[in-house]
Amino acid sequence: MAAGVDISPREAEVLELVGAHLSNAEIAARLVISVRTVESHVSSLLRKLEVADRRALAQRAPEPAGGSAARPAAVLPASLTSFVGRQSERAELAGMIRAHRQVSAVGPGGVGKTRLALAVAGETAGEYGDGVWFVDLVPVTDPGMIATAVAGALGLGEQQGRDMSASVVAALADRDALLVLDNCEHVVDGVALFVERLLGACPGVRVLATSRARLMVPFERVYQVPPLSLAVEGGSDAVALFMERAAAVGLPLDAGLRGQIASICERLDGMALAIELAAARCPTLGLDGIAAALSHPLRMLTGGSRADERHRSVRAALDWSHALLEPADRALLRRVSVFVAPFTVAAAAQVAGSDEGVVAEGLARLAEQSLLVVTASGGGTEYRVLETIRQYGTERLAEAGELVDARSRHLGWCLVRAAGLAVVGADWRARFDLVADDLRAALAWAVDRPERRAEAYDLARRLAELTFTRHLMGESQRRFEQAAALAGDLAAGASMLRQAAAVAGCRTVGDDMYRLRRAAGDAARACGDGAGAAADLAGAATIAFRFSPTFVRIPSREEALALIGEARELAGDDPAAVAAVALAEAGVLADAFGAAQGPAGNAVPETIARAGRAVELARRSGDPLAESAALDALIGAQSWAGDPFGAAETAGRRIALLSSVPVSPAGTHELIDALGIAAEAGLGAGDVAGARRWARELAGHPSLAEVGHRAVSWLLLVDALAGDVGEVLAGGVRFLDAWRRAGSPALRLLCPAVAAVAMVQGLRGDAEGRREWLEVLGRLGPPPEHALGYGAVFDAMVLLHRGQASRALERLAPEPGEVWKWVTWIWHHWYVALRAEAAVLAGSAEAAGCVARAREVVAGNPVAGALVERAGALLGGDREALLATAGALEAAGCRYQWARTLVLAGGGEAERGGAVLAGLGFAAVEASVVVPASVGADRAR
């Protein structure tokens, strides 16, 4: 670090972590600050230290006390055999990667592209501040899944609001890394598009691709991987490889045989795969036997694309290996080539259409000849076909006229495996992951074949259900929609669309939820299911209002009313349809959910009556999910009526009702919503412990992994009002990172959590942090009237902390009845309690009346009640009563308010309260509060 440069302590911490090659997100988590703050510090350091980029900045970082910082390890697969030779190729390829940001190592299958790429990546890993990442594209059969494969290697999950490519770009945006994309040839066009986007947005990333064909993009630099060197004098890599592999299988060869070995290697065109296969046969054939076998007609395959010059050598090598097999083993090899992932003897027997015992012996022989990779584990023995051999076997299948039969048997095997996975057990995730790529490959083959439509539908449906269970929500929704398109009848299609809509709800994508329920209604109506169509159309209208904060384009009230009108005409006397229409009427006509597009005012008695009717009709229908949704409407009605205790009790009823509902997309979506409402209702009724319990369950809910910002939002709200600074700061970092990875969606449902963190930053005295969170709040676009609820509560708490009671009273000036809709939900009791305190501390002439009215409103609320009693004690100068409220607030779980009460009590308690506040991470309470003289005199005593 340059002498004389003025670097703050925080900047020094950031610089040290940059030197340790941590990303901005990792630094933010380590220092418990936001990513944006880290970015600001990094920019400042670049300017102060006069360096051009992050790599140069890392070089200016001080050495850690324990010595040199450990560099990131290369994330590369472990090699089970040694890498032989290729010194000049390694140097040449490494030089190209240093000079160019994208290099393609190109050559025929079997030439050794992957091994060379791994060797170079491992040797140069130390040159990249954030290491090397390896992605095997072999299992990828759909170009659209390339980014998913890369995300899996990086440890990323699905993110709501953006595709996987955007998530990968966001994760690598500030990284100095080498990304190795292996086996690109079968998805080359998709790789080209992905790499172009990645390099354009990630200036510190370089890409090394291995492929049989070039990517054909302007920025590509191609390295043609040559065969192994053949010259005996001066050293032959081909001969060295043959000798080492022969020794590994139990036949060390004398150096005097190098000439004979070289002749064999030359006839094999120096192809690494062919040489390894030949060497593996040495113990059984010997060099003479191998040489004799090479006299067989080992010509390239004929016909179509198989005559391509690039494939000539590898095909000759594989043809040679194939020619050494018995006819039964040849048939087995080509039939098991349909497997994308590792497979068992039983699976191979089903797909090969043969006896398990015969297949087991055949697989063993193929493994002995290095045509299969064997993995033995506690769960049994598995086999894997290397990609080059798998593609070769697939072409042999087509030649033999067996491709359709083998694919069909593979499809049948996949359907059986998918059905078996319907029962979730302890090892379910591992079992699913083992077959997932095969399920996807089988579906991709079947989907375009009319004769396989029914099976494709079944597999798409099962894959949708399985990916939902695996918490791959984005794929699950896509598979349900795919199943709907494949369904043989409209009724089944409508069912799949409803499932897709529920998954979209779990993903917090209101627009998709609405679109899919409307599509389900159209499908139901088209097949003559009027009642089902009515329920779907009414459900879409309810979604438009109930989940309006999750929409990008919020449907208008007129649009929802039109849907209700259609639903009424179709419902008839069907109980489920009638109940769905009643719920839609409660939500749209009476605004039971407090929707953004709802009327500014509505009659509370009508809202309660409509919500109660919806609950009763849903209960009669016998559908617990419909009853839960109707109870949600009743909770809204109770909140509008100023009954937070009733709302909390109803929220508890919802959760109890859903506790016995089987796991499904619709059930999970309903449960997530119920837990969130229960957490909020708990806060509204002063049950902080209960609210935290539900919020923590949501924060860790696996179905919300894609929307981590939403998952943590409820807990942020609870922790902020409880005064748990550390939890709020840590959760805030998680929130911002997840929100930005998701594309910073402007969802109003996130506003209360963001405002809560801004409030905590204000109580801490962190002006910069508060400003940052208020900027985020502005980007979310909260409607102005919402500021009368959570906005007023949080602002008033900060102002009271700062001793600005008069300003706090101004912020809370409207009577609750004047703005009832925006303060009666969970904020009603908080609003009136803080308003009473502000009136007392500001010396308002209306203070006594304000306290008296507040007592009536908050009676029974342990938190709000204690706050009002604290205001009354301050007004009456009753120090003993004041201290009693401190104990009540501590017991209720509001540690900030407990410590603040001690400060307000004065004397020795004030010193204790100040210490508690400091320990919690809050700034000192300002002393400039106006209190009655009696309290001041008591303090003086």
Side-chain angles (χ1 to χ4, degrees), residues 71-98 100-140 146 149-150 152-155 172 175-187 191 195 205-213 215 221-229 237-238 240-241 244-245 248 270-277 279 314 342 370 373 375 384-391:
R71 300 188 68 82
V75 184
L76 301 172
S79 296
L80 301 180
T81 57
S82 61
F83 184 79
V84 177
R86 290 201 184 272
Q87 293 293 338
S88 61
E89 292 97 321
R90 284 147 69 177
E92 186 176 356
L93 181 56
M96 288 185 68
I97 297 171
R98 294 186 185 100
H100 306 287
R101 292 190 60 207
Q102 197 276 307
V103 177
S104 295
V106 174
V111 76
K113 302 182 296 294
T114 297
R115 292 299 301 270
L116 177 61
L118 287 171
V120 171
E123 291 168 358
T124 61
E127 300 176 20
Y128 303 97
D130 294 304
V132 177
W133 301 86
F134 180 88
V135 183
D136 185 5
L137 296 181
V138 167
V140 177
I146 291 170
V150 177
L154 297 176
L172 294 177
R175 296 278 181 158
D176 172 27
L178 173 65
L179 182 65
V180 181
L181 300 178
D182 193 41
N183 293 300
C184 300
E185 54 273 355
H186 58 303
V187 285
V191 171
V195 170
V205 172
R206 294 173 185 270
V207 175
L208 170 59
T210 73
S211 179
R212 295 186 183 186
L215 301 185
R221 294 297 181 272
V222 177
Y223 178 75
Q224 193 73 40
V225 179
L228 293 169
S229 61
D237 289 341
L241 177 63
E244 178 160 326
R245 296 297 186 260
M271 300 299 291
L273 176 59
I275 291 168
E276 291 195 336
L277 291 172
V314 69
S370 300
V373 175
T375 303
R384 180 171 63 88
V385 187
L386 296 175
E387 177 59 16
T388 302
I389 300 172
R390 192 182 74 82
Q391 292 184 6

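For reference, positions follow the sequence shown, starting with 1.
Between the side chain of Thr210 and the main chain of Asn183, a donor-acceptor pair closer than 3.5 Å is present. In this structure a side-chain-to-backbone donor-acceptor pair under 3.5 Å is present from Asp130 to Asp176. A donor-acceptor pair under 3.5 Å links the side-chain atoms of Arg90 to the main chain of Gly85, judged by distance alone.
Contact detail for Leu208 and Ala117: the closest heavy-atom pair is CD2-CB, 3.8 Å. Looking at every heavy atom in both residues, Glu89 comes nearest to Pro227 through OE2-O, 4.3 Å.
Contacts of Ala209 classified as side chain to side chain contact (heavy atoms under 4.5 Å, CB included), with partners at least two apart in sequence or in another chain: Gln102, Ser104, Cys184. Listed by chain and number, the residues in a side chain to side chain contact (heavy atoms under 4.5 Å, CB included) with Ala94 are Arg98, Val120, Thr124 (sequence neighbours excluded). Annotation: salt bridge (Lys or Arg N to Asp or Glu O under 4.0 Å) contacts of Arg221 (sequence neighbours excluded): none. Taking the side chain to side chain contact (heavy atoms under 4.5 Å, CB included) definition, one finds that Val135 meets it with Leu137, Ala149, Val150, Ala153, Leu179, Leu181, sequence neighbours left out. Listed by chain and residue number, nothing satisfies the side chain to side chain donor-acceptor pair (under 3.5 Å) test with Glu185 (two or more places apart in sequence, or in another chain). Remark: Glu92 engages no residue in a salt bridge (Lys or Arg N to Asp or Glu O under 4.0 Å) (not counting sequence neighbours). Residues satisfying the salt bridge (Lys or Arg N to Asp or Glu O under 4.0 Å) test with Arg101, not counting sequence neighbours, are none. Residues meeting the side chain to side chain contact (heavy atoms under 4.5 Å, CB included) test with Arg384, sequence neighbours left out: Pro342, Val373, Leu386.
At least one side-chain heavy atom of Arg86 sits under 4.5 Å from a side-chain heavy atom of Val225. At a threshold of 4.5 Å between non-hydrogen side-chain atoms, the residues Val180 and Leu118 do not count as touching.
Atoms CG and NZ, on Leu93 and Lys113 in that order, are 13.0 Å from each other to the nearest 0.5 Å.
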